[in-house]
Amino acid sequence: MANAIRALAMDAVEQAKCGHPGLPMGAADIATVLFSRFLKFDPADPAWPDRDRFVLSAGHGSMLLYALLYLLGYEKMTIEEIKRFRQLGSLTPGHPEYAHPPGVETTTGPLGQGLANAVGMAIAECHLAALYGSDIVDHHTYVLASDGDLMEGISQEAIALAGHLQLRKLIVLFDDNGISIDGPLALTDSVDQVKRFEAAGWAATRIDGHDPTAIAATLDVAKKSDRPSLIACRTIIGFGAPTKGGTEKSHGAALGAEEIAAARAKLGWSAPPFEIPSAIREEWRAAGMRGGPARLAWQKRLAALDPDKRSAFERRTRGELTGELAAAVRAVKDRLAQAAKDVATRAASEVALEALTVALPEMIGGSADLTGSNNTRPKGMKVLSAADYSGRFIHYGVREHGMAAAMNGMALHGGVIAYSGTFLVFSDYCRPAIRLAALMGQRVIHVMTHDSIGLGEDGPTHQPVEHLAALRAIPNLKVFRPCDAVETIECWQLALETKSGPSVLALTRQNVPRLRRGFDERNRCALGAYELIAAEDGAASVSLFATGSEVAIAVAAKKLLAERKISARVVSVPCFEIFLAAPETERAAIIGEAKVKVAVEAGIRQGWDAIVGSDGAFVGMRSFGASAPYRELYQHFGITSERVAEAALKGLRKA
Ligand SMILES: Cc1ncc(C[n+]2csc(CCOP(=O)(O)OP(=O)(O)O)c2C)c(N)n1
């Protein structure tokens, strides 16, 4: 059965003239034991909520996964798809892409991400099991990880968090082949992985990854463990390839006709390319049928569940929001619009979360050790810990990258909506995972506070300058920067309603004035940009555009211009992505026809030309920030209402 995987991997890579045969050939025995005897799944319903999850963290070994899906009888994975490995529009892309086809649990390729996704999947599993009981939620998360996965820094964050939370249903199979692209691992690494995982609170052991009996016996033990388990499986990369096996030559290139013929002979595999002898195919298909009865039994248990509980479980699994959301948003808006005090948008976000997390019990919050600064833990929200998985707030520790990747895993698992907290400047530490959330179309929400020089004295290391632009550069990511408390709840609502992609909420540390006063039922942020204050006489000669804390500066600049009898309007732009995707006529109406356009944002200009044009003016940052009280910084860097008014006047003189 394992040789069927090896043959398909060799043949598909050969046909594509590129790809990675080494891992599938080396890990074929591990995968065969796991999928034919342990993994709980049903190809007839690849999205069955209580299936075991399998994450191929070493995504370059994609042919391992494709071969398995084909052999096990996943309908969409035909032999034609295997033959079209790595071709445009095939279901067999170079690296696995989430749900492409169903059965691929996550997108992997950037090493380390899959392992960290799996930690999030295991967190979601134990949380939901605590809520719904083990009759409904009781599955394992298995990972196949390579040397590269374990060398990446993110793996340390992931394994430390998993060990701390005692995620006993997480089992990592380490393809311990001692080879990476540059050659033997001895060139680069001398970590004892078993000791490393043990130090992080895991059960860890070493076995021969080509011995099915040992693999099965160890999996049996791991399934009963009270801790997450590492099984370091000693394997030979490219197992079966007579000259290239055991070396980096089998890692990432077609083996060549001669080597493949010799490998076939060595493995005793005489079937022609892409053909699986019927006896072996039947064994695989039988393995694929194993899970059917378990799924039917599970469906019966679900049907017998208390109807309210069942419908909540099903709603959460579908990722649908509750009907209570709208009322919660309305109540918060009303309260914030009447508030007598100026607040920071991070504080407004906390007020929003107090209501949202009640309306949406699927929300699981967290922070990378900045809980008090990010305001992401509403009063009364219980901590999710090894002692109590029913909690909803995760202290991720100082592990931004691991946090963001775990959140992706939680979203992929389903049943929960994860939101996080860190400083905006550390979005750089989360970026690879945010990019994958966007690529996979997963709803995760990152609360990123301290969003500009407005954070003040912590200085340039902590002051984001290029971060808004850098995040806006990621396709399918929404970057929200609300200007006050009311916009904050509106942006929260939009982020929650964005089912098919991640969002970032960039929030201030410092207080901002209330600009949206009085209750307004509409979500004015829903267009991405809107006219906050119209010109008095209808025809503005200046349009001022701003986001977040700088909207107040634009409003003050409008007053200065009015004193000089110049009419200006102010447009708040809480979300570029939504605005730029709006129909052209709507966009044109909001951009307006004023002769002069000025944008103000305490970040770099990049991206703003799409709104103000390359001849528009920009007031913002051109350098890193500095350490000082924030009001002085705004003066020092010239992000003031006077400067904005001057820029408008200069534009008018030129026009
Ligand atoms: C973050 C990241 N860096 C680099 C790569 C490119 N890359 C792909 S596989 C690999 C290492 C291969 O070694 P290993 O993980 O042991 O896989 P094996 O050779 O056993 O297949 C590298 C550097 C990547 N995919 N992701």
Side-chain angles (χ1 to χ4, degrees), residues 5-6 9-10 12-13 16 18-31 55-67 85-86 93-97 106-118 143-159 172-193 196 206 208-210 230-241 244-255 400-402 404-405 408 428-437 439-440:
I5 297 174
R6 295 188 172 104
M10 285 193 292
V13 172
C18 61
H20 301 79
L23 184 146
M25 295 175 77
D29 295 310
I30 305 168
V55 173
L56 180 64
S57 191
H60 60 275
S62 57
M63 261 315 299
L64 177 77
L65 189 50
Y66 303 150
F85 181 49
R86 294 184 152 236
H95 293 81
E97 294 174 22
T106 179
T107 296
T108 51
L111 290 163
Q113 293 289 333
L115 174 60
N117 292 163
V143 183
L144 188 81
S146 67
D147 293 302
D149 284 304
L150 301 192
M151 281 195 271
E152 287 292 348
I154 190 174
S155 70
Q156 185 57 30
E157 299 180 22
I159 70 170
V172 173
L173 295 147
F174 166 33
D175 181 33
D176 182 12
N177 62 24
I179 293 288
S180 69
I181 292 179
D182 280 1
L185 216 62
L187 289 171
T188 47
D189 200 63
S190 40
V191 172
D192 182 329
Q193 296 293 354
R196 177 190 178 211
R206 208 172 255 121
D208 174 356
H210 297 298
L230 171 83
I231 307 175
C233 308
R234 179 44 62 115
T235 60
I236 296 168
I237 190 170
F239 182 95
K244 296 184 176 176
T247 78
E248 66 277 12
K249 291 197 179 74
S250 67
H251 160 85
L255 295 177
E400 296 84 4
H401 198 182
N408 291 354
D428 286 341
Y429 276 47
C430 305
R431 191 176 179 85
I434 295 177
R435 181 175 190 271
L436 284 169
L439 177 60
M440 292 190 276

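As the structure lists them, so they are numbered: ligands from 1, and atoms in each ligand from 1. Model, not experiment: these values are computed from the prediction.
For D147, there are no side chain to side chain donor-acceptor pair (under 3.5 Å) partners two or more places apart in sequence or in a different chain. Every residue was checked against the side chain to side chain donor-acceptor pair (under 3.5 Å) condition with D189, not counting sequence neighbours, and none meets it. Take T108 and apply the side chain to side chain donor-acceptor pair (under 3.5 Å) test, not counting sequence neighbours, and it matches no residue.
Of the candidates L115, V55, D149, L23, L23 is the only one forming a side-chain contact (heavy atoms from CB on, under 4.5 Å) with L144.
For ligand 1, the 4.0 Å heavy-atom shell takes in L23, H60, G109, P110, L111, S146, D147, G148, E152, N177, I179, S180, I181, I237, H251, ordered by chain and residue number.
Atom CZ of residue R234 and atom CG of residue D208 lie 10.0 Å apart, to the nearest 0.5 angstrom.
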Between Q156 and R196, is a side-chain hydrogen bond (donor to acceptor under 3.5 Å, both in side chains) present by the stated rule, with each step listed?
CA-CA 9 Å; Q156 185 57 30; R196 177 190 178 211; 3.0 Å; yes

